[in-house]
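Below is one structure, written out as structure tokens; the observations come after it.
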There are 2 protein chains.
Amino acid sequence: MQEVKRARGPYRSGLKRRAKIVEQAVEVFGRYGYSKGSLQEIAIRSGITPAAIMRHFDNKEELLVEVLRHWDDAQVADEKRYQGLAYFRSLRSVTENNIAHRGFIDLYLTLSIEASRADHPAHPFVVERYERTMEVFTRHLRHAIDNGEIPAMDDDTVTYEAHLLIAVLDGFAIQWMLDARIDLLLMIGTYVDAVITRWKIGGGYRPEPAAEKQDQDAG
Amino acid sequence: MQEVKRARGPYRSGLKRRAKIVEQAVEVFGRYGYSKGSLQEIAIRSGITPAAIMRHFDNKEELLVEVLRHWDDAQVADEKRYQGLAYFRSLRSVTENNIAHRGFIDLYLTLSIEASRADHPAHPFVVERYERTMEVFTRHLRHAIDNGEIPAMDDDTVTYEAHLLIAVLDGFAIQWMLDARIDLLLMIGTYVDAVITRWKIGGGYRPEPAAEKQDQDAG
DNA sequence: GTCTATAAATAGATAGAC
DNA sequence: GTCTATCTATTTATAGAC
């Protein structure tokens with residue numbers, strides 16, 4: 001995380017300062033959200049003044065864009081290294097990495113909620129990132145099916161399992177933010193192992209549109 | 001939801017106005033969060049001035065407390081009407097109710113993230129509410145076990161399943177906030193049905209502390 | 001490239017008239 | 001009980017010296 005982009009070019013010190021600002025912005029936006037996270041706070045942490053930040057970024061929104069880009073770079077690294085079930089197993093090490101850089105999880109959750117309104121500067125980014133995650137999850141699940149790692153599922157089930165996995169990851173992250181004592185790695189690892197086992201025995205969850213439930217197994 | 005507390009006492013009109021303020025505060029805090037949600041916005045929606053709000057509540061934090069109390073009243077209603085698996089089946093109608101009053105879901109998620117810092121005014125409330133939900137879920141799960149509705153699980157599994165259910169509910173809610181077109185009721189209903197089926201066949205998920213996974217089933 | 005000083009807008013909160 | 005007017009603090013952003 002530190003010492004990235006140690007450029008030897010003509011403006012190396014400028015870039016280092018800029019990287020420092022972005023690094024602190026990740027933490028501040030993660031902690032307080034984009035709206036409430038102030039340039040003042042970011043400036044103090046960077047050992048700088050708000051006015052100096054405005055020399056590096058035209059406005060606050062530009063800084064947010066840079067933060068999101070920085071965040072994305074750190075996340076898409078392992079995406080191509082694993083295929084099928086191996087990809088889902090790798091979510092454990094992804095989680096380890098996220099825990100080590102807590103600012104990113106804070107930022108992700110905070111922005112996911114804050115940017116749910118369409119007029120938020122980060123809204124298009126958050127929506128696009130969510131759709132990309134859905135695409136990645138469904139692709140690897142289909143890959144696992146096509147290669148015989150797990151039995152077939154229909155399209156609705158594949159889509160639902162992807163939604164469910166994202167929900168579990170996000171939901172556990174919320175619990176971890178609320179109480180850092182919980183073992184996030186264990187909870188996510190347990191789910192990943194369990195869901196892979198479930199997929200292998202053909203136990204994908206299939207959404208059934210409003211079947212007028214009879215509660216027939218109630219007593 | 002409307003017309004609660006139609007008091008016939010000496011100060012009935014005052015209470016009606018106060019209720020109106022709280023009602024609008026739920027929506028504003030839900031939409032923008034507590035910090036960014038302004039008294040100005042609440043005042044305009046209530047057809048009133050910010051100064052008038054301060055006559056009803058000593059400060060902004062007092063208003064938040066009232067909002068949380070109001071929210072809680074609406075939620076704990078059905079808690080005692082169902083036991084064991086029937087309680088988990090009732091989560092479907094709870095979801096229907098939540099969808100009908102979107103402001104509460106917004107408020108819950110927004111505050112869960114925003115109030116994760118210990119210095120937030122709503123932090124103790126959010127933590128306590130989370131622990132209460134854990135207690136309710138584990139109690140009903142144990143009730144289902146004790147009454148023979150489902151096979152036994154060890155304590156760690158019961159706890160994990162409660163964490164997991166909360167994560168799924170929260171995670172799906174996030175997705176719904178980000179894209180209101182998804183069928184939240186179907187997604188939650190599908191999980192509830194599936195997890196009950198899974199519990200019945202003795203398929204509770206059991207967390208296994210760091211067993212130095214061998215990846216032996218990798219392919 | 002960073003600083004000090006400051007502008008312009010908005011926040012929560014108070015005073016006092018009615 | 002609600003209003004107008006105002007206070008203080010904080011926000012993003014700009015101007016200009018160094």
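Numbers restart at 1 for each chain; the letters A, B, ... are given by sequence-line order, proteins then strands. These figures come from a predicted structure and were not determined experimentally.
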Check: So what stems show up for DNA chain C if we need 3 or more Watson-Crick or G-U pairs in a row, all under 3.5 Å?
Finding: C:1-10 with D:9-18, C:12-18 with D:1-7
Check: Do B:Phe172 and A:Leu164 come close enough that some side-chain heavy atom pair is under 4.5 Å?
Finding: yes
Check: Does the pair B:Glu66/B:Arg18 count as a salt bridge with the N-to-O cut at 4.0 Å?
Finding: yes
Notebook entry, point to check: Could you give the CG-to-P distance, from B:Asp58 to D:dG1, as a whole number of Å?
Noted result: 14 Å
Notebook entry, point to check: Taking atom types as modelled and ignoring hydrogens, do the side chains of B:Glu161 and B:Tyr205 form a donor-acceptor contact shorter than 3.5 angstrom?
Noted result: no
Check: How close or far is atom P of D:dT12 from atom OH of A:Tyr32, stated in whole angstroms?
Finding: 13 Å
Margin query: We want to know whether A:Tyr108 and A:Asp170 form a side-chain donor-acceptor pair, criterion being a heavy-atom distance below 3.5 angstrom.
Written below: yes
Notebook entry, point to check: Applying the side-chain contact (heavy atoms from CB on, under 4.5 Å) test to B:Val22, which of B:Arg69, B:His70, B:Arg17 qualifies?
Noted result: B:His70
Check: Given atom NZ of B:Lys60 and atom P of C:dT14, what is their separation to the nearest angstrom?
Finding: 15 Å
Notebook entry, point to check: Are A:Met153 and A:Leu141 close enough that some pair of their side-chain heavy atoms sits under 4.5 Å apart?
Noted result: yes
Checklist line | Ring centers of B:Trp71, B:Phe125 separated by less than 6.0 Å | finding: yes
Next item on the list: Please check if any side-chain donor atom of B:Glu208 sits under 3.5 Å from a side-chain acceptor atom of A:Thr190, or the reverse.
Entry: no
Next item on the list: Go through residues 45-56 of chain B and report each residue with a non-hydrogen atom lying under 4.0 Å from DNA chain D, sorted by number.
Entry: B:Ile48, B:Thr49, B:Ala51, B:Ala52, B:Arg55, B:His56
Notebook entry, point to check: Between B:Arg18 (CZ) and D:dT2 (P), how many Å, whole number?
Noted result: 12 Å
Notebook entry, point to check: Do the two ring centres, one from A:His120 and one from A:Tyr34, sit under 6.0 Å apart?
Noted result: yes
Notebook entry, point to check: Quick one: A:Lys36 NZ to C:dT10 C1', roughly how many Å, whole number?
Noted result: 15 Å
Note to self: Measure CD/B:Gln40 against P/D:dT11 and give the value in whole Å, please.
What the structure shows: 19 Å
Item checked: Rounded interatomic separation in angstrom, taking CG from A:Leu39 and P from C:dT10 -> 17 Å
Next item on the list: Whole angstrom is fine here: how far is it from CD in A:Glu61 over to P in D:dA13?
Entry: 9 Å
